[in-house]
*Asks:* 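Would you mind keeping the following structure in view while I ask a few things?
Along the sequence shown, the residues carry numbers beginning at 1.
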Amino acid sequence: MDSYEKLYVPGIWFVCSKEPANQLSRYVYDLAVELGLPVVVYSNSTKKEIQNEVLNFIKVKCIEAGSDELERNWLEQEMMEYNNHGFFWYPEELNDYVPNGSFWTNYVFFDKFKILSFTNSFSNIYLIENLSELWYNDECDIFQSLHSIEKEAIEYKKTIIVFISSANSRINETYINNHLLLNK
């Protein structure tokens, strides 16, 4: 897992990615599943797509944790049962992560309205797949919005992680470089 030392520093942080939707699912997995941190997700991808990708990460880790080849094969067969029945016989705790499982209620909130608000959130971490689709206080200029969002995020002690493609010319490159979540 990548180092997330800036995760606990309120403000806006960027993750440059060629495939923001896939990267977003990975962060949901890393932060909510591995670290147990609640997150708010703003995404163009469907909730079900993200849930299925996160569940696939969990299934792979479960299989890899098998003690030997025989156990890994057996676990892989058990994971296939989910495809047939929509739930897990074993390991039963994986049912928390199925699309209507308790994990998605307690750790991950999908904001379908895409109106950024820090006052109503149970989480201090926001994952935003595409900042340009996010509405904020009637501001049209994305760069001005970023400054306003960052100021409010710091005030409310929230961390905003924005996934952008490297070729995003709408945002000042220096600003992005100064706000990269992970240094390359």
Side-chain angles (χ1 to χ4, degrees), residues 1-55 57-58 97 103-184:
M1 184 174 4
D2 293 324
S3 173
Y4 293 115
E5 66 272 354
K6 295 178 185 172
L7 193 62
Y8 299 102
V9 178
I12 293 180
W13 300 101
F14 293 100
V15 173
C16 293
S17 175
K18 292 179 182 173
E19 298 178 16
N22 292 341
Q23 193 75 30
L24 180 116
S25 296
R26 186 71 210 187
Y27 271 66
V28 169
Y29 173 79
D30 286 350
L31 300 176
V33 176
E34 290 291 322
L35 297 177
L37 299 172
V39 297
V40 177
V41 177
Y42 292 79
S43 175
N44 296 329
S45 303
T46 67
K47 179 179 178 180
K48 189 143 180 99
E49 285 175 277
I50 294 170
Q51 289 173 325
N52 286 335
E53 282 187 48
V54 170
L55 187 56
F57 291 137
I58 294 167
Y97 300 100
F103 170 79
W104 300 105
T105 310
N106 298 325
Y107 285 95
V108 181
F109 175 74
F110 289 87
D111 191 319
K112 61 183 173 194
F113 299 110
K114 298 181 185 174
I115 298 174
L116 191 58
S117 172
F118 300 125
T119 57
N120 301 352
S121 177
F122 68 95
S123 175
N124 290 331
I125 301 172
Y126 291 68
L127 301 174
I128 302 173
E129 181 184 339
N130 186 349
L131 187 62
S132 65
E133 302 225 359
L134 194 64
W135 183 85
Y136 185 79
N137 288 345
D138 292 326
E139 292 182 9
C140 297
D141 179 71
I142 192 71
F143 194 65
Q144 184 61 39
S145 289
L146 289 174
H147 287 292
S148 299
I149 291 169
E150 182 166 43
K151 182 179 176 187
E152 194 170 338
I154 291 169
E155 178 184 338
Y156 286 98
K157 297 179 177 35
K158 305 292 184 175
T159 300
I160 313 298
I161 300 171
V162 182
F163 299 88
I164 59 170
S165 66
S166 336
N168 192 330
S169 59
R170 295 181 59 198
I171 303 172
N172 182 306
E173 190 174 329
T174 303
Y175 184 82
I176 291 171
N177 289 334
N178 289 335
H179 288 85
L180 286 176
L181 181 63
L182 303 171
N183 294 329
K184 298 174 184 170

*Asks:* Look up atom CG in Leu127 and atom CZ in Phe110, then write down how far apart they are to the nearest 0.5 Å.
*Replies:* 9.5 Å
*Asks:* Shortest non-hydrogen contact from Ala21 to Ser45?
*Replies:* CB-OG, 3.4 Å
*Asks:* I need the Ile50 CD1 to Trp104 CH2 distance, nearest 0.5 Å.
*Replies:* 7.5 Å
*Asks:* For the residue pair Tyr97 and Phe103, does the interplanar ring angle fall in the parallel (under 30°), tilted (30 to 60°) or perpendicular (over 60°) class?
*Replies:* tilted
*Asks:* Using 30° and 60° as the class boundaries, would you call the ring planes of Phe57 and Tyr29 parallel, tilted or perpendicular?
*Replies:* tilted
*Asks:* So, for Val54 and Val33, which heavy atoms are closest and what is the spacing to 0.1 Å?
*Replies:* CG1-CG2, 4.0 Å
*Asks:* Determine whether a donor-acceptor pair (N or O, by modelled atom type, separation under 3.5 Å) exists between the side chain of Ser43 and the backbone of Glu129.
*Replies:* no
*Asks:* Work out which heavy atom in Tyr126 is nearest to a heavy atom in Ser117; give both atom names and the distance.
*Replies:* OH-O, 3.0 Å
*Asks:* Do you know which two heavy atoms are closest between Ile149 and Phe118, and how far apart they sit?
*Replies:* O-CE1, 3.9 Å
*Asks:* Rounded at 0.5 Å granularity, tell me how far CZ in Arg26 sits from CG in Asp30.
*Replies:* 4.5 Å
*Asks:* Do Tyr107 side-chain atoms and Leu31 backbone N/O form a donor-acceptor pair below 3.5 Å?
*Replies:* no
*Asks:* Please enumerate all residues that pass side-chain contact (heavy atoms from CB on, under 4.5 Å) together with Asn124, with sequence neighbours excluded.
*Replies:* Lys158
*Asks:* Quick one: which of Thr159, Ile160, Ile161, Ile154 gives a side chain to side chain contact (heavy atoms under 4.5 Å, CB included) with Ile12?
*Replies:* Ile160
*Asks:* Please round to the nearest 0.5 Å and tell me the distance separating atom CD1 of Ile164 and atom CD of Gln23.
*Replies:* 12.0 Å
*Asks:* Taking side-chain contact (heavy atoms from CB on, under 4.5 Å) as the definition, give me every residue that meets it alongside Asn22, ordered by chain and number, with sequence neighbours left out.
*Replies:* Glu19, Glu53
*Asks:* Please report the interatomic distance OG1(Thr46) to CG(Asn52), rounded to the nearest 0.5 Å.
*Replies:* 8.0 Å
*Asks:* Just verifying a value: how many Å separate Ile128 CD1 and Tyr42 OH, rounded to the nearest 0.5 Å?
*Replies:* 6.5 Å
*Asks:* Return the orientation label for the His179 and Phe14 ring planes: parallel under 30°, perpendicular over 60°, tilted otherwise.
*Replies:* perpendicular
*Asks:* What is the minimum heavy-atom distance between Pro20 and Phe163, and which atoms define it?
*Replies:* CB-CB, 3.8 Å
*Asks:* Is any side-chain heavy atom of Leu180 less than 4.5 Å from a side-chain heavy atom of Cys16?
*Replies:* yes
*Asks:* Should Val39 and Tyr27 be marked as a side-chain contact (heavy atoms from CB on, under 4.5 Å) after you check the CA-CA gap, both sets of side-chain angles, and the distance that decides it?
*Replies:* CA-CA 10 Å; Val39 297; Tyr27 271 66; over 6 Å; no
